[in-house]
Amino acid sequence: MNDRYKIDKLNAVPEERYSSIALDYLVMYVVGQLDKVGADLSYENIVAASFRSFPKRFSLIGFSEYPDAKRVHDCLFRCTIKPKFWLGGKTNRGFSLNEN
């Protein structure tokens, strides 16, 4: 089973369940879900899965049918630096969950 198929199987979470949750936590949830299904933790997969799972929070303003990759990138950056260190890795190499 390829990663695209795994991401396409993710269901969108109802907006009322995530509208007040910080973006970094939503991205970490997505990373956990991708890890759980054995998908590669690449930047592209995380962007696609974030948009698929939480479309209202990870879509472009004015173009709700497209994902906002910059918003996901900013979350990933914050999750890889102090004080969080929730993730290891970089955009061009992929990510991994840290043991924090």
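Residue indices begin at 1 and follow the sequence shown. Since this is a predicted model, take the numbers as computed values, not measurements.
- Between Tyr25 and Trp86, the ring planes lie tilted relative to each other; the angle falls in the 30° to 60° range.
- Heavy atoms only, all atoms of each residue included: Phe95 and Lys90 are closest at CZ-C, 3.5 Å.
- Residues passing the side chain to side chain contact (heavy atoms under 4.5 Å, CB included) test with Asp40, sequence neighbours excluded: Asp3, Ser42, Asn45.
- A heavy-atom distance below 4.5 Å is found between the side chains of Leu34 and Val30.
- Nearest heavy-atom pair, Ile7 versus Arg52, reported as atom, atom and distance to 0.1 Å: O-NE, 3.5 Å.
- At least one donor-acceptor pair under 3.5 Å links the side chain of Thr80 to the backbone N or O of Phe77.
- You'll find the side chain of Thr91 stays beyond 4.5 Å of the side chain of Leu76, heavy atoms only.
- Within the model, atoms CG of Leu41 and OG of Ser96 stand 7.5 Å from one another, a figure rounded to the nearest 0.5 Å.
- Formation of a donor-acceptor pair under 3.5 Å by the Lys6 side chain with backbone atoms of Gly38 is found in this model.
- Looking at every heavy atom in both residues, Arg17 comes nearest to Val13 through CB-CG1, 3.9 Å.
- Following chains of ILVMFWY side-chain contacts shorter than 4.5 Å, one cannot reach Val37 starting from Tyr43, and the two form parts of different hydrophobic clusters.
- Distance check: Leu60 CG to Lys70 NZ gives 12.5 Å after rounding to the nearest 0.5 Å.
- Here the closest heavy-atom approach between residue Ser59 and residue Ser64 is recorded as CB-O, 3.5 Å.
- Criterion: ILVMFWY side-chain heavy atoms under 4.5 Å apart, direct or through other members. Under it, Met28 and Phe51 are not part of a common hydrophobic cluster.
- For Ile61, the CD1 atom counts as loosely surrounded, since its 6.0 Å shell holds 12 or fewer non-hydrogen atoms of other residues, nucleotides or ligands.
- With sequence neighbours left out, the ring pair (Phe, Tyr, Trp, His ring centres under 6.0 Å) criterion links Tyr29 to Phe54.
- Both Ile46 and Ile21 sit in one connected hydrophobic cluster of ILVMFWY residues. Membership requires side-chain heavy atoms under 4.5 Å apart, directly or through other members.
- Here the closest non-hydrogen pair linking Leu23 and Cys75 is CB-SG, 3.5 Å.
- Salt bridge present: Asp8 and Arg4 bring a charged side-chain N and a carboxylate O closer than 4.0 Å.
- A distance-only check finds no donor-acceptor pair linking the side chain of Arg78 to the backbone of Lys84 [under 3.5 Å].
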